[in-house]
Amino acid sequence: MKILISICGEGFGHTTRCIAIGNELSKKHEVKYAAYGKSKDFVEMSGGDVFETYPEIRLSGKNGKFDVKKSIFNSDYHPARAIKKEMDIIKDYDPDMVISDCKYSSVVASKVLKKPYYIITNQNCTKTDKKEKYIVYPVMEILNVINKSAEKVIIPDFPLPYTVCEYNLKLLENLSFIGPLIRYDVVPEEISDEGYILCVIGGFEYRYKILELLNKISAKKGLKVKMVCGSYDVAEKLEKIKSKNVEVIPLTTNMDELLKKCSFVVCHGGHSTLMEAFCFGKPVITIPDLDHPEQEYNAKKISDMECGIALSYNTIDSNLEESLEKMISTTKYYENSKKLMNLYLKNSGTDKVMDIVENGL
């Protein structure tokens with residue numbers, strides 16, 4: 001069977017879980033990807049065969065704030081162009097099915113060309129009282145019409161009530177909770193704590209303040225920190241100011257080795273990063289982008305489950321250092337994260353995706 005996996009390239013989370021799916025499906029089937037930008041480069045670095053496509057959305061923000069209006073309506077992308085390109089890719093490759101990770105231009109192209117399709121997502125509902133709801137709510141309604149037409153909507157998360165993205169979901173009849181999709185094998189005996197903090201902040205300039213502040217605290221408190229930046233430009237800026245306790249890593253395809261040995265993770269609240277941290281039993285400090293409801297609700301659920309600490313970007317100047325100390329000294333975060341790791345070992349999404357895809361057809 002020939003399978004095309006189409007990836008929304010805004011952030012590496014979509015890319016990493018698609019690589020996990022592709023690695024599993026390629027054991028029995030032919031798999032190719034459709035991606036763009038850094039996502040395309042990362043899939044190629046990981047050994048995948050990629051068709052280049054176009055973005056249908058471009059994440060944008062400033063000073064820690066996610067700008068939903070500018071992300072949806074800007075000149076850096078063209079949805080119609082993406083649909084046309086993906087129709088050309090599907091015609092050329094002629095897959096038996098398409099798996100789309102939040103890349104809805106691929107879904108439209110698949111529907112037009114009468115190809116069965118699956119959708120991967122960790123969000124089909126947004127709750128907000130801010131003015132952005134007048135943009136986001138209609139968009140979500142349209143996307144759920146599309147979601148209902150898919151063979152399955154795959155939720156790559158722990159089963160309820162431990163679902164990290166629970167507050168971002170509206171239940172549909174074709175939702176399938178399959179467990180986290182991560183790229184790595186988790187072997188509890190290989191997991192340790194070498195005393196460093198792993199900071200995983202995606203390569204967007206508007207999050208740079210978090211890295212700067214963590215660097216200052218590292219110098220002040222003598223904390224060992226490894227920063228995975230997701231961007232060579234961001235890494236270059238950090239190299240000029242980093243303390244002696246900080247190691248700057250622009251990109252890595254070996255995140256598992258970093259996760260196995262860290263004490264805990266500092267991240268912005270993207271779903272895939274959270275899944276990888278918890279699957280390795282590591283608690284998190286999460287700092288969601290301002291005005292980013294999905295990340296904010298992920299952070300709320302983590303706080304409710306007491307497997308991490310949720311902070312606001314607005315107050316990190318005053319409470320990040322205190323939160324780092326609290327994480328280091330509080331055992332409940334580690335204990336609850338270990339419970340999620342054990343749950344993952346019984347509910348691995350990569351173990352289920354082959355069955356879902358083959359039985360679906």
Side-chain angles (χ1 to χ4, degrees), residues 7 9-20 37-46 59 61 64 180-184 186 191-219 223-289 295 298-299 302 308 311 313 316 320 324 327 337:
I7 307 168
E10 302 305 300
F12 283 117
H14 300 284
T15 310
T16 57
R17 67 192 185 196
C18 283
I19 290 171
K38 295 176 185 176
S39 176
K40 175 180 178 291
D41 297 340
F42 196 80
V43 174
E44 289 177 332
M45 284 172 58
S46 302
L59 294 189
L181 288 166
I182 68 169
R183 298 164 280 173
Y184 313 114
V186 176
I191 297 171
S192 61
D193 183 347
E194 295 191 357
Y196 64 84
I197 300 165
L198 178 60
C199 177
V200 185
I201 299 292
F204 297 102
E205 290 283 347
Y206 62 87
R207 297 175 185 151
Y208 185 72
K209 176 184 171 181
I210 299 171
L211 301 172
E212 277 187 312
L213 182 57
L214 187 56
N215 180 66
K216 289 179 182 177
I217 296 171
S218 167
L223 299 175
K224 290 172 61 179
V225 182
K226 296 191 179 188
M227 295 184 177
V228 179
C229 307
S231 163
Y232 286 101
D233 292 337
V234 172
E236 187 177 353
K237 287 177 67 176
L238 279 172
E239 283 287 353
K240 296 175 182 177
I241 64 166
K242 75 180 184 71
S243 84
K244 65 180 181 180
N245 301 313
V246 170
E247 178 184 350
V248 176
I249 303 169
L251 294 172
T252 180
T253 56
N254 297 311
M255 186 69 78
D256 57 331
E257 294 302 318
L258 295 169
L259 285 164
K260 283 178 187 177
K261 299 173 183 177
C262 73
S263 299
F264 59 91
V265 177
V266 176
C267 60
H268 61 279
H271 185 260
S272 291
T273 300
L274 298 174
M275 290 297 98
E276 291 190 347
F278 293 139
C279 288
F280 281 93
K282 305 296 182 175
V284 302
I285 293 177
T286 178
I287 309 167
D289 296 340
Q295 292 182 13
N298 287 341
I302 288 163
L311 301 181
Y313 187 91
I316 56 172
L320 179 57
L324 291 168
M327 178 65 77
S337 298

Quick check for you: to the nearest 0.5 Å, what is the distance between [X] atom [atom1] and [Y] atom [atom2]?
X: Lys40; Y: Thr15; atom1: NZ; atom2: OG1; answer: 12.5 Å
X: Thr273; Y: Phe278; atom1: OG1; atom2: CZ; answer: 11.0 Å
X: Lys216; Y: Leu320; atom1: NZ; atom2: CG; answer: 12.0 Å
X: His271; Y: Leu181; atom1: NE2; atom2: CG; answer: 9.5 Å
X: Cys229; Y: Arg207; atom1: SG; atom2: CZ; answer: 12.0 Å
X: Ile285; Y: Ile302; atom1: CD1; atom2: CD1; answer: 11.5 Å

**Request:** Would you please name every residue forming a side chain to side chain donor-acceptor pair (under 3.5 Å) with Ser243, sequence neighbours left out?
**Result:**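 In terms of side chain to side chain donor-acceptor pair (under 3.5 Å), with neighbours along the sequence ignored, Ser243 is linked to Ser218.
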**side chain to side chain donor-acceptor pair (under 3.5 Å) involving Glu194 - partner list, sequence neighbours excluded** =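 Partners of Glu194 under the side chain to side chain donor-acceptor pair (under 3.5 Å) test: none.
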[X] side chain near [Y] side chain, heavy-atom distance below 4.5 Å:
X: Leu214; Y: Val246; value: no
X: Tyr208; Y: Val234; value: yes
X: Met327; Y: Val266; value: no
X: Ser39; Y: His14; value: no
X: Val228; Y: Leu198; value: yes
X: Tyr196; Y: Asn245; value: no
X: Val186; Y: Ile191; value: yes
X: Phe280; Y: Ile182; value: yes

Return the minimal non-hydrogen interatomic distance between [X] and [Y], and the atom names on each side.
X: Lys38; Y: Ser231; value: NZ-CB, 3.9 Å
X: Lys226; Y: Leu258; value: CD-CD2, 3.9 Å
X: Ile201; Y: His268; value: CD1-N, 3.8 Å
X: Met227; Y: Leu211; value: CE-O, 3.4 Å
X: Thr286; Y: Pro288; value: O-CD, 3.5 Å
X: Asn298; Y: Gly269; value: ND2-O, 3.1 Å

**Those residues that, when tested against Thr253, pass side chain to side chain contact (heavy atoms under 4.5 Å, CB included) (two or more places apart)** =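 Counting only residues at least two positions away or on another chain, Thr253 forms a side chain to side chain contact (heavy atoms under 4.5 Å, CB included) with Phe42, Met45, Ser46.
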**Request:** Quick one: which residue pairs count as a side chain to side chain donor-acceptor pair (under 3.5 Å) with a foot in residues 256-266, not counting sequence neighbours?
**Result:**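 Residue pairs with at least one partner in residues 256-266: Glu190-Lys260, Asp193-Ser263, Glu257-Lys260.
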**Item:** Test log, rule side-chain contact (heavy atoms from CB on, under 4.5 Å), inputs Met275 and Arg17
**Value:** CA-CA 10 Å; Met275 290 297 98; Arg17 67 192 185 196; over 6 Å; no
**Asked** Given the rule in the salt bridge (Lys or Arg N to Asp or Glu O under 4.0 Å) test, do Glu276 and Arg183 qualify, once you have shown the distances and angles that lead to the verdict?
**Response** CA-CA 9 Å; Glu276 291 190 347; Arg183 298 164 280 173; 3.0 Å; yes
**Prompt:** Given the rule in the side-chain contact (heavy atoms from CB on, under 4.5 Å) test, do Tyr313 and Asp289 qualify, once you have shown the distances and angles that lead to the verdict?
**Reply:** CA-CA 7 Å; Tyr313 187 91; Asp289 296 340; over 6 Å; no
**salt bridge (charged side-chain N to carboxylate O under 4.0 Å, His left out) partners of Lys242, counting only residues at least two apart** =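 Testing Lys242 for salt bridge (charged side-chain N to carboxylate O under 4.0 Å, His left out), a comparison that skips the adjacent residues, returns none.
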**Message:** Please evaluate residues Asn215 and Val225 with respect to the criterion side-chain contact (heavy atoms from CB on, under 4.5 Å), reporting the C-alpha separation (whole Å), side-chain torsions for both, the decisive distance (0.1 Å), and the verdict.
**Reply:** CA-CA 8 Å; Asn215 180 66; Val225 182; over 6 Å; no
**Message:** Using the ring pair (Phe, Tyr, Trp, His ring centres under 6.0 Å) criterion, which residues pair with Tyr184? Sequence neighbours excluded.
**Reply:**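 Ring pair (Phe, Tyr, Trp, His ring centres under 6.0 Å) list for Tyr184, sorted by chain: empty.
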**Request:** Tell me, yes or no, whether the heavy-atom count around Glu44 atom CD, taken from other residues, nucleotides or ligands under 6.0 Å, exceeds 12.
**Result:**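 Check passes, neighbour count above 12.
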